[in-house]
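Worksheet for the structure shown next.
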2 protein chains.
Amino acid sequence: MEKRVNHIKQQLSAHGYKLTPQREATVRVLLENEEAHLSAEDVYLLVKEKAPEIGLATVYRTLELLSDLQIIHKLNFGDGVTRYEFRAEGAEHHHHHLICLNCGTVDEIMEDLLGPIEHRVETEFDFQIVDHRLTFHGVCHRCKDQVTDPKKLVGSRVT
Amino acid sequence: MEKRVNHIKQQLSAHGYKLTPQREATVRVLLENEEAHLSAEDVYLLVKEKAPEIGLATVYRTLELLSDLQIIHKLNFGDGVTRYEFRAEGAEHHHHHLICLNCGTVDEIMEDLLGPIEHRVETEFDFQIVDHRLTFHGVCHRCKDQVTDPKKLVGSRVT
DNA sequence: CTTCTTGCAAAGGTTTTGCAACAGT
DNA sequence: ACTGTTGCAAAACCTTTGCAAGAAG
């Protein structure tokens, strides 16, 4: 944990930015809730517990900064807010998400399933891939017993 | 074209809705710009050319209705607005998108590349897939000569 | 009449920005 | 002093909603 905070500090200073107390608090909240896909508001409320004087704008600015430096990723699950998650260190691409249409839970697939497909896309479509996003919408194992017709759940979703 | 408008009219009436002139104008704009991934504002401006009295709210309501009936899909490419595109008739899943980080163009892959992967996900993660979204971010064939380091383009993107 | 639909304006929710104050060097 | 950073409030944005008026059966 300290190690990761320190590493981020180095990444910031390598680009001329400081790890201020506000930024550190924000980073720690993200690290402590790594699986939660927090929104800016979520982060703000959690940071406030440690540093009550922080402003929402600062949280937004910090998240934007971390995103610019590719320390975190912005995610959009179609619910109107941007969510943030750590980028896997050194991973070529980020993982995939499983969104349950019934309970809204977002689970993760940590492997990159797209290797062979990317190769096809690069050659067949002459497109040089830098990153990708893959999301599956469906019914998670926790909900499968209570959902009879998954298609009914689709409704009007974004993304 | 008329055939498709008519089919949509039937889909609406099957659910107790009418194809009003405003809705028809909206549908036609969508049909005439099928590859454009229009935002609500885009649609509004185009519809205004044919039916100047239409209100933006009506466009939003129509798009929401068409989306609820799964006639169109909502898309999010991370630029802050929702975009809309027709659902492929009868296609099990919708196609994939190639987003160029250099010029912003969105191209389409009409095949479903995920068949084998979906099967893996369903069994390995006990997740019943209803739909998916797959987007590749990179450099399109038109831009490849002018982009030296694609990684530099990544910056702060959503989704 | 009754119900659905529309346009307008207002409200809602999220994110960004202007600016003066502050912090660290 | 200088530059980067912060908090607050205001603004900007996209989208939704309330409501009275209109259209259609």
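What you see is a predicted model; the values in this text were computed from it and never measured. Here is the naming used below: chain letters follow the sequence lines, and residue numbers restart at 1 for every chain.
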I'd like to know if B:Glu2 and B:Arg28 make a salt bridge, using a cut-off of under 4.0 Å between side-chain N and carboxylate O.
yes
Please confirm whether A:Arg4 makes a cation-pi placement over A:Phe86, using NZ or CZ under 6.0 Å from the six-membered ring centre and within 45° of the ring normal.
yes
Between B:Glu24 and B:Lys50 (salt bridge meaning N to carboxylate O under 4.0 Å), is one present in this structure?
no
Between OH of B:Tyr44 and P of C:dT6 the distance, given in whole Å, is 14 Å
B:Tyr17 has its side chain closest, among D:dG7, C:dT5, C:dG7, to C:dT5
Not counting sequence neighbours, which residues clear salt bridge (Lys or Arg N to Asp or Glu O under 4.0 Å) with A:Arg61? List them please.
none
Spacing between A:Asn76 atom CG and C:dT15 atom P, to the nearest angstrom:
9 Å
Would you work out how much the helix from C:dC1-D:dG25 to C:dT25-D:dA1 bends between its ends, with each end axis defined by five base pairs, to 10 degrees?
10°
Toward the 5' end of DNA chain C, by each residue's nearest nucleotide, B:Gly16 or B:Lys48:
B:Gly16
Can a side chain N or O of A:Thr20 be found less than 4.0 Å away from OP1 or OP2 on D:dT5?
no
Under 4.0 Å between a side-chain N or O of A:Gln22 and OP1 or OP2 of C:dA23?
no
Take nucleotides 15-25 of chain D nucleotide by nucleotide from the 5' end and write B, S or -, depending on whether a protein heavy atom sits under 4.0 Å from the base, only from the sugar-phosphate, or from neither.
BBBB-------
